[in-house]
Amino acid sequence: QVQLVESGGGSEQAGGSLRLSCVASGDTTSIYRMAWFRQAPGKEREGVATVDDGGSTFSADSMKGRFTLSEDNVKKTLTLQMTNLKPEDTAMYFCAARRVSAVGPVVLRRAMYHYWGQGTQVTVSS
């Protein structure tokens, strides 16, 4: 089994920054890659950012230029630096890990991921 623990969420004003971190433990050798997802109240969980097994970074269009992903795939840690936050970024942010290899935009699909953290709340006020 794999455990994912997120940290770094909180409340911020629009235009501010937050840094989210995720650490994997347990049977981490089964993990190919980790990713960030988010879910706002009443909405579907959506992919935020991840790296595919070709080394390419994928992120949602609304986050490009504002969110930066950093990963250490040996230590199994994943960090999301969020800048210029907007009220629409308010959501529960989840760390996820997949145990299958994948390349391309498919890596932002929820169904690709087998392990999930409990989430960390991000609230952005206007």
Using the test salt bridge (Lys or Arg N to Asp or Glu O under 4.0 Å), find all partners of Glu6 that sit at least two apart in sequence or belong to another chain. none
Closest non-hydrogen atom pair between Gly55 and Arg33, with its separation: CA-NH2, 4.5 Å
Examine Leu4 and Val23 and state if one hydrophobic cluster contains both, with Ile, Leu, Val, Met, Phe, Trp and Tyr joined whenever side-chain heavy atoms are less than 4.5 Å apart. no
With a 4.5 Å cut-off on side-chain heavy-atom distances among I, L, V, M, F, W and Y, is there a chain of contacts connecting Leu18 to Phe67? yes
Using the rule that Ile, Leu, Val, Met, Phe, Trp and Tyr join whenever any side-chain heavy atoms are under 4.5 Å apart, tell me whether Leu80 and Phe37 fall into a single cluster. no
So, the side chain of Lys76 versus the backbone of Asn73: is there a donor-acceptor pair under 3.5 Å, distance only? yes
Do you know the tightest heavy-atom contact between Ser21 and Thr79? OG-OG1, 3.9 Å
Do Phe58 and Tyr32 share a hydrophobic cluster, counting only Ile, Leu, Val, Met, Phe, Trp and Tyr and linking them when any side-chain heavy atoms are less than 4.5 Å apart? no
Which side-chain N or O atoms in residues 99-116 pair as donor and acceptor under 3.5 Å with protein atoms at least two apart or in another chain?
unit_1 : atom_1 : unit_2 : atom_2 : d
Ser101 : OG     : Asp53  : OD2    : 3.0
Tyr113 : OH     : Val107 : O      : 2.5
His114 : ND1    : Arg99  : N      : 3.3

So which pairs with a foot in residues 9-19 pass side chain to side chain donor-acceptor pair (under 3.5 Å), sequence neighbours left out? Arg19-Gln81
Please set out all donor-acceptor pairs under 3.5 angstrom arising from side-chain atoms of residues 87-97, sequence neighbours excluded.
unit_1 : atom_1 : unit_2 : atom_2 : d
Asp89  : OD1    : Arg38  : NH1    : 2.9
Asp89  : OD1    : Arg66  : NH2    : 3.0
Asp89  : OD2    : Arg66  : NH1    : 2.7
Asp89  : OD2    : Arg66  : NH2    : 3.4
Asp89  : OD2    : Lys86  : N      : 2.8
Thr90  : OG1    : Pro87  : O      : 2.9
Thr90  : OG1    : Val124 : N      : 2.9
Thr90  : OG1    : Val124 : O      : 3.3
Tyr93  : OH     : Arg38  : NH1    : 2.9
Tyr93  : OH     : Asp89  : O      : 2.7

Going by side-chain contact (heavy atoms from CB on, under 4.5 Å), name the residues that satisfy it together with Lys43, two or more places apart in sequence or in a different chain. Ala40
For Gly16, is there any backbone N or O sitting under 3.5 Å from a side-chain donor or acceptor partner on Asn84? no
Run the side chain to side chain donor-acceptor pair (under 3.5 Å) test against Ser30 and tell me which residues pass, sequence neighbours left out. none
Do the side-chain N and O atoms of Thr50 and Asp52 include a donor-acceptor pair separated by under 3.5 angstrom? no
